[in-house]
> 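Before I ask anything, let me first share the structure, which is written out below as structure tokens.
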Amino acid sequence: MSAERRLRIRAATEEDLPHIVALDAEAFPADPYPYFVLRQLLASFPDFVLVVEDGGNLGGYVLSTPPNASRSWILSLGIAPDLRGQGLGRQLMTQILGRLGTEGVHSVSLSVEPGNDSAVALYRSLGFVPDPGGPRKDYFGPGAHRLLMTLSL
Ligand SMILES: CC(C)(COP(=O)(O)OP(=O)(O)OC[C@H]1O[C@@H](n2cnc3c(N)ncnc32)[C@H](O)[C@@H]1OP(=O)(O)O)[C@@H](O)C(=O)NCCC(=O)NCCS
């Protein structure tokens with residue numbers, strides 16, 4: 001990545017909401033979060049929604065939950081299609097995991113579509129371990145199988 005590139009990872013604000021909605025729709029065209037869900041997540045957990053700015057444009061976002069009994073979930077991660085493969089997803093994940101660690105989180109879980117090789121590779125490289133039972137059938141409804149992965153901090 002070029003040294004001059006102006007990347008900034010920060011907590012999301014209400015003004016970011018339309019951009020996060022657009023990024024989410026690009027990342028998950030078949031099943032994006034509804035606008036109202038993203039608004040409510042941002043309103044409820046503003047410190048747990050991070051965005052990456054690339055020269056003033058929003059290049060990606062990550063959503064997590066605050067800890068509950070020292071456990072958090074990553075709810076979503078998306079990078080703009082033209083910015084993928086440049087390390088932004090890894091940087092966002094590293095930042096949110098660091099943030100969760102400072103909040104006393106010991107265990108981070110997420111679900112991923114089992115055939116999403118790039119996401120699974122990213123999560124494995126960060127230390128996430130797949131559920132030994134394999135993907136959960138119909139986890140998000142009929143036909144929507146998901147692999148659960150967990151990281152111990
Ligand atoms: C998955 C996603 C977030 C990765 O973000 P990214 O910025 O492209 O990823 P990075 O450039 O930071 O790469 C991090 C790691 O991901 C993996 N990865 C990224 N692109 C990959 C590809 N095309 N094939 C295989 N692995 C890949 C690699 O392990 C990579 O590590 P490396 O750089 O050491 O090789 C991005 O592709 C995306 O937004 N996809 C659509 C939405 C999605 O699937 N989100 C996750 C759902 S749970």
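First listed ligand is number 1; within each ligand, the first listed atom is number 1.
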> Between Tyr33 and Leu75, is any pair of side-chain heavy atoms under 4.5 Å apart?
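In short, these two side chains touch, coming nearer than 4.5 Å.
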> Is there side-chain contact between Thr150 and Val129, with heavy atoms separated by less than 4.5 Å?
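Not touching, per the 4.5 Å side-chain cut-off.
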> Side chain to side chain contact (heavy atoms under 4.5 Å, CB included) for Leu122 and Leu77? Distances and angles first, verdict last.
CA-CA 11 Å; Leu122 168 60; Leu77 169 71; 3.8 Å; yes
> For the residue pair Leu147 and Tyr123, establish whether any side-chain heavy-atom pair is separated by less than 4.5 Å.
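No; the side chains remain at least 4.5 Å from each other.
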> Please list, in number order, the atoms of ligand 1 under 4.0 Å from a heavy atom of Phe28.
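So the answer, numbered in order with elements, is 42 (C), 43 (C), 45 (N), 47 (C).
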> Looking at atom 36 (C) of ligand 1, what's its closest protein heavy atom, distance included?
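Protein heavy atom at minimum distance: Arg84 CD, 3.7 Å.
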> For Glu53, which residues count as a salt bridge (Lys or Arg N to Asp or Glu O under 4.0 Å) partner, sequence neighbours excluded?
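With neighbours one apart ignored, the set is Arg8, Arg10.
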> Applying a heavy-atom cut-off of 4.0 Å, say which part of Gln86 lies close to ligand 1: side chain, backbone, both or neither.
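It is the backbone that touches ligand 1; the side chain stays farther off.
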> What is the minimum heavy-atom distance between Ala11 and Pro46, and which atoms define it?
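It is CB-O, 4.0 Å.
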> Who's the nearest protein heavy-atom neighbour of atom 8 (O) of ligand 1, and how far?
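Sorting protein heavy atoms by distance from atom 8 (O) of ligand 1 puts Gly85 N, 2.8 Å first.
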> With a 4.5 Å cut-off on side-chain heavy atoms, are Tyr61 and His19 touching?
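Answer no - side chains too far apart.
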> If I apply the N/O under 3.5 Å rule, does Arg90 come out as touching ligand 1?
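Between Arg90 and ligand 1, an N or O pair is found under 3.5 Å apart.
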> Is atom 11 (O) of ligand 1 close to the protein, meaning a heavy atom under 4.0 Å from it?
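Protein heavy atom within 4.0 Å of atom 11 (O) of ligand 1: present.
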> Are Val49 and Val37 linked, directly or through other ILVMFWY residues, by side chains that come within less than 4.5 angstrom of each other?
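Linked within one cluster.
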> Step by step, would you call Arg90 with Ser125 a side-chain hydrogen bond (donor to acceptor under 3.5 Å, both in side chains)?
CA-CA 9 Å; Arg90 182 181 295 286; Ser125 74; 3.1 Å; yes
> What do you think, any protein heavy atom under 4.0 angstrom from atom 2 (C) of ligand 1?
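Under the 4.0 Å cut-off, atom 2 (C) of ligand 1 has no protein heavy-atom neighbours at all.
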> What protein heavy atom sits nearest atom 26 (N) of ligand 1, and how far away is it?
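Ranked first by proximity to atom 26 (N) of ligand 1 is Ser118 CA, 3.5 Å.
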> Tell me whether Pro81 reaches ligand 1 (any heavy atom closer than 4.0 angstrom to a ligand atom).
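So Pro81 does not count as touching ligand 1.
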> Under a 4.0 Å heavy-atom limit, does Asn116 contact ligand 1 with its side chain, its backbone, both, or neither?
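The side chain, only.
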> Identify, for atom 48 (S) of ligand 1, the protein heavy atom at the shortest distance, and state residue, atom and that distance.
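Looking at atom 48 (S) of ligand 1, the protein heavy atom closest to it is Tyr123 OH, 3.2 Å.
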> Which residue and atom name correspond to the protein heavy atom nearest atom 28 (C) of ligand 1, and how close is it?
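The protein heavy atom lying closest is Ala121 CB, 4.2 Å.
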> Decide whether Val112 and Tyr139 are clustered together by the hydrophobic rule: side chain heavy atoms of Ile, Leu, Val, Met, Phe, Trp, Tyr closer than 4.5 Å, transitively.
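Linked, Val112 and Tyr139 end up in one cluster.
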> Can you find an N/O atom of Leu77 closer than 3.5 Å to an N/O atom of ligand 1?
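In this structure, Leu77 places an N or O atom under 3.5 Å from an N or O of ligand 1.
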> Determine if the distance from atom 44 (O) of ligand 1 to the closest protein heavy atom is below 4.0 Å.
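Under the 4.0 Å cut-off, atom 44 (O) of ligand 1 does have protein heavy-atom neighbours.
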> Tell me, which protein residue and heavy-atom name are nearest atom 4 (C) of ligand 1, and how many Å apart are they?
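Protein heavy atom at minimum distance: Leu122 CD2, 4.2 Å.
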> Which bit of Ser111 gets closer than 4.0 Å to ligand 1, counting heavy atoms only: side chain, backbone, both or neither?
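Backbone only.
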> Is the side chain of Thr65 donor-acceptor paired with the backbone N or O of Trp73 at a distance under 3.5 Å, no angle test?
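Checked: pair present.
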> Got a sec: does the CG of Asn68 have more than 12 other heavy atoms crowding it under 6.0 Å?
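No - once you tally the heavy atoms of other residues, nucleotides and ligands closer than 6.0 Å, there are 12 at most.
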> For Arg146, which residues count as a salt bridge (Lys or Arg N to Asp or Glu O under 4.0 Å) partner, sequence neighbours excluded?
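Partners of Arg146 by the salt bridge (Lys or Arg N to Asp or Glu O under 4.0 Å) criterion come out as none, since no residue qualifies.
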> Regarding ligand 1, does Ala119 bring an N or O atom to under 3.5 Å of one of the ligand's N or O atoms?
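No, Ala119 has no N/O under 3.5 Å of an N/O on ligand 1.
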> Taking heavy atoms and a distance under 4.0 Å, where does Tyr61 meet ligand 1: side chain, backbone, both or neither?
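Within the 4.0 Å criterion, Tyr61 makes no contact with ligand 1.
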> To which of Ser125, Ala27, Gly89 does the heavy atom nearest atom 7 (O) of ligand 1 belong?
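Among Ser125, Ala27, Gly89, the closest heavy atom to atom 7 (O) of ligand 1 comes from Gly89.
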> Checking the N or O distance criterion of under 3.5 Å, is ligand 1 in contact with Gly87?
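Yes.
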> Do any nitrogen or oxygen atoms of Gly78 lie less than 3.5 angstrom from nitrogen or oxygen atoms of ligand 1?
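Between Gly78 and ligand 1, no N or O pair is found under 3.5 Å apart.
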> N/O of Ile79 under 3.5 Å from N/O of ligand 1, yes or no?
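For ligand 1, there is an N or O atom that lies under 3.5 Å from one belonging to Ile79.
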